Amino acid sequence: MSRDTIAEIITSIRNADMDRKRVVRIASTKIIENFVKILFREGFIENIRKHREKNKYFLVLTLRHKHKRNKKSFLNLKQISRPSLRIYSNSQRIPRILGGMGVVILSTSRGIMTGREAQLEGIGGEILCYIW
């Protein structure tokens, strides 16, 4: 049985945001680190810290909260591609989320990057998720 690491990250972050927790701890791999760096660069995460515990590395993420008690959550994540159904796009057909306000994260031949970066480089790839 294979594990979908991107789905696990998205679920962990979404659950912590809905529960209004400020800190999330997830296992660290290169894919996860690159994914989280994009979230940090785009302003969805306030801080990233690498933590070591018994020869295992974890990433400790500090989420950015901008919502009040009864308001909707600040972070919306939607997984697009999954192991049973991969969704690919070329550089001209990368979708725009909320007219460019949201972010599309792609897995390309040059690594994990945002839709804007992939369009500038003229490459497409697998659409991992939408964030707005």
Side-chain angles (χ1 to χ4, degrees):
M1 189 166 127
S2 67
R3 295 177 58 172
D4 189 7
T5 56
I6 300 298
E8 289 178 8
I9 298 168
I10 290 171
T11 303
S12 297
I13 293 172
R14 187 185 307 127
N15 288 344
D17 188 52
M18 286 190 313
D19 212 19
R20 291 181 176 83
K21 292 192 177 178
R22 190 131 168 94
V23 177
V24 180
R25 189 180 123 185
I26 53 177
S28 177
T29 63
K30 284 187 178 184
I31 294 172
I32 292 173
E33 285 180 19
N34 292 332
F35 187 85
V36 168
K37 283 179 186 176
I38 290 174
L39 293 176
F40 179 70
R41 250 192 349 241
E42 295 294 327
F44 294 107
I45 293 178
E46 199 170 291
N47 191 13
I48 305 168
R49 199 168 36 103
K50 200 166 189 177
H51 179 66
R52 184 177 176 197
E53 214 174 274
K54 297 182 182 177
N55 296 329
K56 290 186 181 181
Y57 287 95
F58 295 96
L59 292 175
V60 179
L61 313 176
T62 306
L63 300 180
R64 182 166 296 192
H65 288 287
K66 290 186 179 178
H67 53 79
K68 306 250 181 193
R69 286 188 177 165
N70 296 329
K71 301 279 182 173
K72 284 182 95 175
S73 68
F74 168 67
L75 192 61
N76 293 311
L77 295 137
K78 182 178 180 186
Q79 181 184 10
I80 302 302
S81 191
R82 49 188 199 269
S84 61
L85 180 65
R86 306 281 186 186
I87 307 294
Y88 296 95
S89 176
N90 60 14
S91 63
Q92 291 84 24
R93 295 186 183 252
I94 294 174
R96 293 180 60 196
I97 308 303
L98 293 176
M101 297 289 289
V103 178
V104 177
I105 296 183
L106 299 166
S107 175
T108 66
S109 58
R110 296 187 190 152
I112 295 178
M113 60 179 63
T114 65
R116 278 183 244 119
E117 293 169 349
Q119 283 178 336
L120 288 175
E121 292 190 25
I123 57 175
E126 180 183 354
I127 300 174
L128 297 176
C129 70
Y130 298 153
I131 306 167
W132 68 96

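Heads up: numbering here begins at 1 and tracks the sequence. Not measured: the values here are computed from a predicted model.
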**Report entry** ILVMFWY cluster, Val103 and Met113 together (side-chain gap under 4.5 Å)
**Finding:** no

Query raised in the report: Stepwise, does the side-chain contact (heavy atoms from CB on, under 4.5 Å) test hold for Arg22 with Thr62?
Result: CA-CA 6 Å; Arg22 190 131 168 94; Thr62 306; 4.0 Å; yes

Query raised in the report: In chain order, what residues pass the side chain to side chain donor-acceptor pair (under 3.5 Å) check against Lys50, with sequence neighbours excluded?
Result: Glu33

Query - salt bridge (charged side-chain N to carboxylate O under 4.0 Å, His left out) partners of residues 101-114, not counting sequence neighbours, each pair once - result: Arg110-Glu121

Report summary line: The single option from Ile31, Ile112, Ile45, Val24 that satisfies side chain to side chain contact (heavy atoms under 4.5 Å, CB included) with Val36 is Ile45

Query - For Phe40 against Ile48, the heavy-atom pair lying closest together - result: CB-CD1, 3.5 Å

Report summary line: Between the CG atom in Leu63 and the CG atom in Leu75, the distance rounded to the nearest 0.5 Å is 7.0 Å

Query raised in the report: Quick one: do Phe58 and Phe35 end up in the same hydrophobic cluster if we chain Ile, Leu, Val, Met, Phe, Trp and Tyr together by side-chain heavy atoms under 4.5 Å apart?
Result: no

Query raised in the report: With sequence neighbours excluded, what pairs up with Arg41 under the salt bridge (Lys or Arg N to Asp or Glu O under 4.0 Å) test?
Result: Glu117

Requested in this report: Starting at CG of Asn47, measure out to CZ of Arg64 and round the result to the nearest 0.5 Å.
Outcome: 10.0 Å

Report summary line: Across all chains, not counting sequence neighbours, the side chain to side chain donor-acceptor pair (under 3.5 Å) partners of Asn55 are Arg52

May I have the list of side-chain donor-acceptor pairs in residues 5-13 shorter than 3.5 Å, sequence neighbours left out?
| residue | atom | partner | partner atom | Å |
| --- | --- | --- | --- | --- |
| Glu8 | OE1 | Arg3 | NH2 | 2.9 |
| Glu8 | OE2 | Arg3 | NE | 3.2 |
| Glu8 | OE2 | Arg3 | NH2 | 3.3 |
| Thr11 | OG1 | Ala7 | O | 2.8 |
| Ser12 | OG | Glu8 | O | 2.9 |

Report summary line: When every non-hydrogen atom of Ser91 is compared with those of Ala118, the smallest separation belongs to CB-O, 4.4 Å

Query raised in the report: Can you tell me how far CD1 of Ile38 sits from OG1 of Thr114, rounded to the nearest 0.5 angstrom?
Result: 6.0 Å

Query - Other cluster members, Leu120 - Ile/Leu/Val/Met/Phe/Trp/Tyr, side-chain contacts below 4.5 Å - result: none

**Report entry** salt bridge (charged side-chain N to carboxylate O under 4.0 Å, His left out) contacts touching residues 74-93 (sequence neighbours left out)
**Finding:** Arg86-Glu126

Query raised in the report: With clusters built from Ile, Leu, Val, Met, Phe, Trp and Tyr whose side-chain heavy atoms come within less than 4.5 Å, directly or transitively, what are the remaining members of the cluster of Ile97, listed by chain and number?
Result: Ile80, Leu85, Ile87, Ile94, Leu98, Met101, Val104, Leu106, Ile127, Tyr130, Trp132

Report task. Kindly write out the residues that satisfy salt bridge (Lys or Arg N to Asp or Glu O under 4.0 Å) with Lys56, not counting sequence neighbours, or none if the list is empty. Result -> none

Query raised in the report: Quick one: salt bridge (Lys or Arg N to Asp or Glu O under 4.0 Å) partners of Arg116, sequence neighbours excluded?
Result: Glu42

Query - Pairwise distance CG(Leu59) to CG(Leu61) - rounded to 0.5 angstrom - result: 6.0 Å

Requested in this report: Heavy atoms only: give me the nearest Ala27-Ile32 pair and the separation to one decimal.
Outcome: O-CD1, 3.3 Å

Report summary line: Hits for salt bridge (Lys or Arg N to Asp or Glu O under 4.0 Å) against Arg25, two or more places apart or cross-chain, chain-then-number order -> Glu53

